[in-house]
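What follows is a set of notes on a single structure, which appears directly below.
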There are 2 protein chains.
Amino acid sequence: MNKLPIGGCLHCKAKSDIFDHLSEEELSRVESCRVSMHYRAGEIVFKQGSPCYDFVCITSGLVKLYIEGENDRRLIIGFVKPVDYIFVPGAYVDKRHHYTAVACEDTSACLVETEVLQNLVKTNPEFANSFIKKISSQAISLITQIASVTQKQIPGRMADTLIYLSTKVYNSNPFITSLSRQDLADLSGMTKESAIRVLKTFKDDELIVIRGDEIELLNIPMLETISRNG
Amino acid sequence: MNKLPIGGCLHCKAKSDIFDHLSEEELSRVESCRVSMHYRAGEIVFKQGSPCYDFVCITSGLVKLYIEGENDRRLIIGFVKPVDYIFVPGAYVDKRHHYTAVACEDTSACLVETEVLQNLVKTNPEFANSFIKKISSQAISLITQIASVTQKQIPGRMADTLIYLSTKVYNSNPFITSLSRQDLADLSGMTKESAIRVLKTFKDDELIVIRGDEIELLNIPMLETISRNG
DNA sequence: ATTATTTATTGATTTAAATCATCACTCTGA
DNA sequence: TCAGAGTGATGATTTAAATCAATAAATAAT
């Protein structure tokens, strides 16, 4: 299950900007407690409500983060892709996970004890600064999503989802995705059936085209209009 | 309009834990650029989309934070009460406000340049730590609210709102509130009419009683059950 | 005191979206 | 090669909640 990545933390350093400001010594502190993990598609990385001991940094694959409701509804609040770490707000508050992380594809990750990173925050001001920047960005994402999900109706929400996937997650158009219709629904705050139906209207209106795992946005300006009008 | 509070930052220090770890010198740096403001009920402190120059610390009164949608819908994402500062995620990202802050009652506040606080984060590790703790808490609040608003129906959402107001904002039961029905609706992600209707059913079922500006929760366990069942 | 204006309340109607039910299709493993 | 599971697709029905409409109460303004 465990597979050590080539190059260790110095390798990651080149990619995740948050580690840019760490000294060799600090990086080796991270390295020394680092645990390398591999998750298969569908496996849980951590579960909402469980105690959090580690920060998780994704080195390959893709992870979805979702809130589990009382009934078995889910709301996907974001994705984490290489090389980035999963923000764990509970690490500083109640030592609990507030959402569940699941691998969408086969995924490799490095685990680092929360205490080690928290000490780096205290000893390295630049690191602290990057850290706050990351948290702030995630807070803004949450605000954006809460606005979309609560104030728009189904077509607007799905338009938001498609634009988000293309511009923020896959950074391409068309993009190939491993997400199911249920995932698209969970990301847009609707049922699977509603997701399928609205995607069909988008296809009929030639706003998008779907070929198997590939989604192409054909008319982004119109999708943006639909997003704006809710 | 401006009214200097007695005692300056040393006074605030005693109340807002985030300033606990600042030295006299650091506090005087804050003091030197501090601007004291007063807002009347209903006045805007800052508006979504506007550039952010200052951190705002509330010294008296009450401020609501809300997201403005495309139509003129609002979603209240939280309140800030004395003595606490308003978290401004854009300060570290795009220098824009991502929600609007409005005084619910007559409110006094201290404004401090974002740069000054950001420098403190860089030079004072303990301050950085408190800062991250605050941001994390707010992120958790957002997650809690997004879960409530997207996965529960009207009675569950209103139950959440009432419990939130009693336990987190007013810290009492009964509590006296200056919030309108529209505010309660904006906080629960529903229309004013729906808010009125569900409050009426709560009154009829003797879960709550409303006397003018005062709301009393009579049956908190039942409200919690309603919250849990959505 | 009286009008005007906002806020609260209630009922009737419409509508968006969930739910329910069924069927097709793909993929997996026996 | 075929059962069985999971996913995708559609139609019919129900339901929650918004909208629309009208009135009442409370607050502010003259």
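Sequence lines set the chain letters: A, B, ... in the order given, protein chains first and strands last, and positions in each chain run from 1. Keep in mind that this is a model prediction, so the values were computed, not measured.
Partners of B:Asp183 according to the side chain to side chain donor-acceptor pair (under 3.5 Å) rule, which considers only residues two or more places apart in sequence or in another chain, are B:Lys64, B:Ser180. In this structure, the side chain to side chain donor-acceptor pair (under 3.5 Å) partners of A:Thr161, at least two apart in sequence or on a different chain, are A:Ser188. Applying the side chain to side chain donor-acceptor pair (under 3.5 Å) test to A:Ser148 and every residue at least two apart in sequence or in another chain returns A:Asp160. Partners of A:Thr177 according to the side chain to side chain donor-acceptor pair (under 3.5 Å) rule, which considers only residues two or more places apart in sequence or in another chain, are A:Tyr170. Shown here are the salt bridge (Lys or Arg N to Asp or Glu O under 4.0 Å) partners of A:Lys200, two or more places apart in sequence or in another chain: A:Asp204. Applying the side chain to side chain contact (heavy atoms under 4.5 Å, CB included) test to B:Lys81 and every residue at least two apart in sequence or in another chain returns B:Leu62, B:Asn171.
Atom CD1 in A:Ile196 sits roughly 8 Å away from atom C1' in D:dT7 (whole-Å rounding).
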Checklist entry - Using a cut-off of 4.0 Å between protein heavy atoms and nucleotide atoms, how would you tag nucleotides 22-30 of chain D 5' to 3' with B, S and -? => result ---------
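Taking a heavy-atom distance under 4.0 Å as the criterion, the stretch of DNA chain C touched by chain B extends 5' to 3' from C:dA8 to C:dA12.
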Output side-chain donor-acceptor pairs under 3.5 Å for residues 93-101 of chain B, partner residues at least two apart or in another chain, one line each.
from, atom 1, to, atom 2, distance (Å)
B:Asp94, OD1, B:Arg96, N, 3.3
B:Asp94, OD1, B:His98, NE2, 3.0
B:Asp94, OD2, B:His98, NE2, 2.9
B:Lys95, NZ, B:Ala91, O, 3.4
B:Tyr99, OH, B:Phe87, O, 2.2
B:Thr100, OG1, B:Gln48, N, 2.9
B:Thr100, OG1, B:Glu68, OE2, 2.6

Below 3.5 Å, can you tabulate the donor-acceptor pairs from side chains in residues 205-214 of chain B to any protein atom, sequence neighbours excluded?
from, atom 1, to, atom 2, distance (Å)
B:Arg211, NH1, B:Glu214, OE1, 2.2
B:Arg211, NH2, B:Glu216, OE1, 2.6

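Note on residues 196-228 of chain A: no pairs pass ring pair (Phe, Tyr, Trp, His ring centres under 6.0 Å), not counting sequence neighbours.
Across the interface with DNA chain C, nearest-nucleotide mapping of B:Arg197 and B:Leu179 shows B:Leu179 to be the residue nearer the 5′ end.
Taking five base pairs at each end of the helix from C:dA1-D:dT30 to C:dA30-D:dT1 and finding the rotation axis that steps the C1' atoms of four pairs onto the next four gives two axes whose angle is 40°, to the nearest 10°.
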